[in-house]
Protein chains: 2
Amino acid sequence: MIETKQKILNTAERLFGDQGYAATSLRHIIAEAGVNLAAIHYHYGSKEELLDEVVMRKAGPVNAERLALLDRYEAEAGSGPLAAEKVLEAFLAPVFSGADRSPQFVRLMGRMYGEGLMTMIVGRHFQPVVNRFIDAFRRALPDLPDEELLWRIHFMIGTMAHALFGPPNPRPGAEPASLDAQGVVQRLVTFLGAGFRAPVSRAAGSEEK
Amino acid sequence: MIETKQKILNTAERLFGDQGYAATSLRHIIAEAGVNLAAIHYHYGSKEELLDEVVMRKAGPVNAERLALLDRYEAEAGSGPLAAEKVLEAFLAPVFSGADRSPQFVRLMGRMYGEGLMTMIVGRHFQPVVNRFIDAFRRALPDLPDEELLWRIHFMIGTMAHALFGPPNPRPGAEPASLDAQGVVQRLVTFLGAGFRAPVSRAAGSEEK
DNA sequence: GTCTATACTGAGATAGAC
DNA sequence: GTCTATCTCAGTATAGAC
């Protein structure tokens with residue numbers, strides 16, 4: 001069938017989100033999808049490339065909404081400066097609550113981050129968007145040295161990724177789901193906004209800058 | 001030999017730090033250590049328990065120094081309140097620069113976090129220390145609601161863990177090493193200190209956009 | 001108590017027939 | 001395009017030699 005490729009993708013998305021990437025074997029996917037093992041390699045090449053497709057299909061709308069929000073906020077600000085908090089909100093809100101308001105994306109991203117696949121995913125699917133936001137932060141915080149700005153964006157991504165994991169102090173084995181998206185984004189924007197606005201401390205490194 | 005157990009541990013520590021946990025097969029370890037495959041399971045039970053031992057040996061001194069620093073800062077503060085930045089410093093500095101000033105620990109932790117093993121490791125080896133620091137933060141920020149405090153500690157751990165990865169914007173494939181420990185800790189304390197001190201935003205939980 | 005040799009199960013990947 | 005069969009490598013388990 002022609003839909004073999006789609007059935008694989010849909011089943012993989014569900015199982016990756018439910019059980020994680022490593023815990024989901026290709027043999028499990030083909031059993032649920034009712035296709036042959038070799039079909040995965042024929043259509044996608046490898047397990048990792050299959051994950052790539054799953055992520056891309058979900059990340060596309062999220063990144064589109066991020067850029068749309070950023071454009072909207074910049075338009076609303078007119079010629080004036082855009083608050084760092086608005087840049088943060090444009091970056092964070094679509095991840096937690098945006099796009100098709102699907103908690104599956106949060107679950108999947110949380111899983112991927114928990115399995116150490118986030119670096120790969122960010123590099124492949126999010127880097128252009130991140131670069132666009134680096135510019136926005138630069139304009140929002142013109143007094144911040146560029147090296148410090150990049151570090152703080154680095155910190156922000158770590159915070160966001162960890163927040164995808166779930167609420168604080170979940171008992172081991174708890175499900176990393178059921179986040180109150182609005183509340184988390186609000187907390188993140190407040191916390192990170194203050195961090196971004198913090199004055200640079202003296203002697204933040206022995207190397208020249 | 002009697003040192004079989006130690007040779008396994010030392011070799012595992014080196015290879016886990018160099019290549020990561022998943023990428024290091026037990027057969028690779030035994031080849032370099034010059035021991036038999038079954039010796040690992042005899043002495044350690046499983047690959048995961050071997051990792052546990054490796055982490056414990058490294059984490060012990062770090063956690064001890066964290067608590068010692070916290071005690072020292074609290075003693076220096078006398079009866080007065082301890083600044084949140086000092087609590088942060090006691091928590092962060094030993095991870096990046098402390099203990100035996102070994103960059104191997106940073107590398108190993110960065111690797112473990114990158115592979116999604118940090119949750120397990122934190123739960124097993126760091127939870128008591130984290131609980132002690134929760135109390136310290138509570139005293140440093142008595143006006144912060146407890147739920148918000150726990151979220152912010154959650155954020156902090158995510159930021160720290162991500163910072164273990166390395167500097168911002170490393171090209172894919174770059175080594176997550178060679179951090180300027182002092183500079184990173186300084187940047188983290190400044191950034192996170194401001195975040196912890198941020199006033200709680202109203203309606204952090206029920207609004208709709 | 002320690003260690004070795006070997007076998008077992010399940011994983012991802014691949015070649016080639018249809 | 002699809003499927004069967006097979007390959008390599010992983011972690012694990014066990015029987016038995018010192």
Distances under 3.5 Å between nitrogen or oxygen atoms of protein and nucleotides 14-18 of chain C:
none

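- Both Leu26(B) and Val35(A) sit near DNA chain D, but only Val35(A) has its closest nucleotide nearer the 5' end.
- Ring geometry for Phe137(B) versus Phe196(B): interplanar angle under 30°, hence parallel rather than tilted (30 to 60°).
- In this structure, Leu50(A) places its CG atom 15 Å from P of dA11(C), rounding to the nearest Å.
- When Glu32(B), Gln19(B), Arg14(B) are each tested for a side chain to side chain donor-acceptor pair (under 3.5 Å) with Thr24(B), only one passes: Gln19(B).
- Considering all non-hydrogen atoms of both residues, Ile8(B) and Leu50(B) come closest at CG2-CD1, 4.0 Å.
- Considering all non-hydrogen atoms of both residues, Leu149(B) and Ile134(B) come closest at CD2-O, 4.2 Å.
- Rounded to a whole Å, the NZ atom of Lys47(B) is 15 Å from the P atom of dA13(D).
- The interatomic distance linking Glu3(A) (CD) with dG1(D) (C1') rounds to 13 Å, in whole Å.
- Leu51(A) has its CG atom 13 Å from the P atom of dG12(C), to the nearest Å.
- Tyr44(A) has its OH atom 17 Å from the C1' atom of dA13(C), to the nearest Å.
- Among residues two or more places apart in sequence or in another chain, the side chain to side chain donor-acceptor pair (under 3.5 Å) test is passed with Thr119(A) by none.
- Rounded to an integer number of Å, the gap from CD1 of Ile40(A) to P of dC3(D) is 12 Å.
- The shortest non-hydrogen separation linking Leu108(B) to Phe16(B) is CD1-CB, 3.9 Å.
- Within the 4.0 Å cut-off from OP1 or OP2 of dT2(D), not a single side-chain nitrogen or oxygen of Tyr42(A) is found.
- Every residue was checked against the ring-ring contact (aromatic ring centres under 6.0 Å, His included) condition with Phe126(B), not counting sequence neighbours, and none meets it.
- Between dT2(C) and Thr4(B), no contact under 4.0 Å exists linking OP1 or OP2 to a side-chain N or O.
- Each of dT12(D), dA10(D), dA13(C) was ranked by its minimum atom distance to the side chain of Ser25(B); first place goes to dA10(D).
- The distance between atom CD1 of Ile8(B) and atom P of dG11(D), rounded to the nearest whole Å, is 14 Å.
- Put simply, NE2 on His43(B) is 12 Å from C1' on dT4(C), counting in whole angstrom units.
- When the nucleotides dG11(D), dG12(C), dA5(C) are ranked by their closest atom to the side chain of Asn36(B), dA5(C) comes out on top.
- At a cut-off of 3.5 angstrom, counting only N and O atoms as typed in the model, there is no donor on one side facing an acceptor on the other between the side-chain of Arg27(A) and the base of dG10(C).
- Contact between the side-chain N/O atoms of His28(A) and the OP1/OP2 oxygens of dA11(C) is not found at any separation under 4.0 Å.
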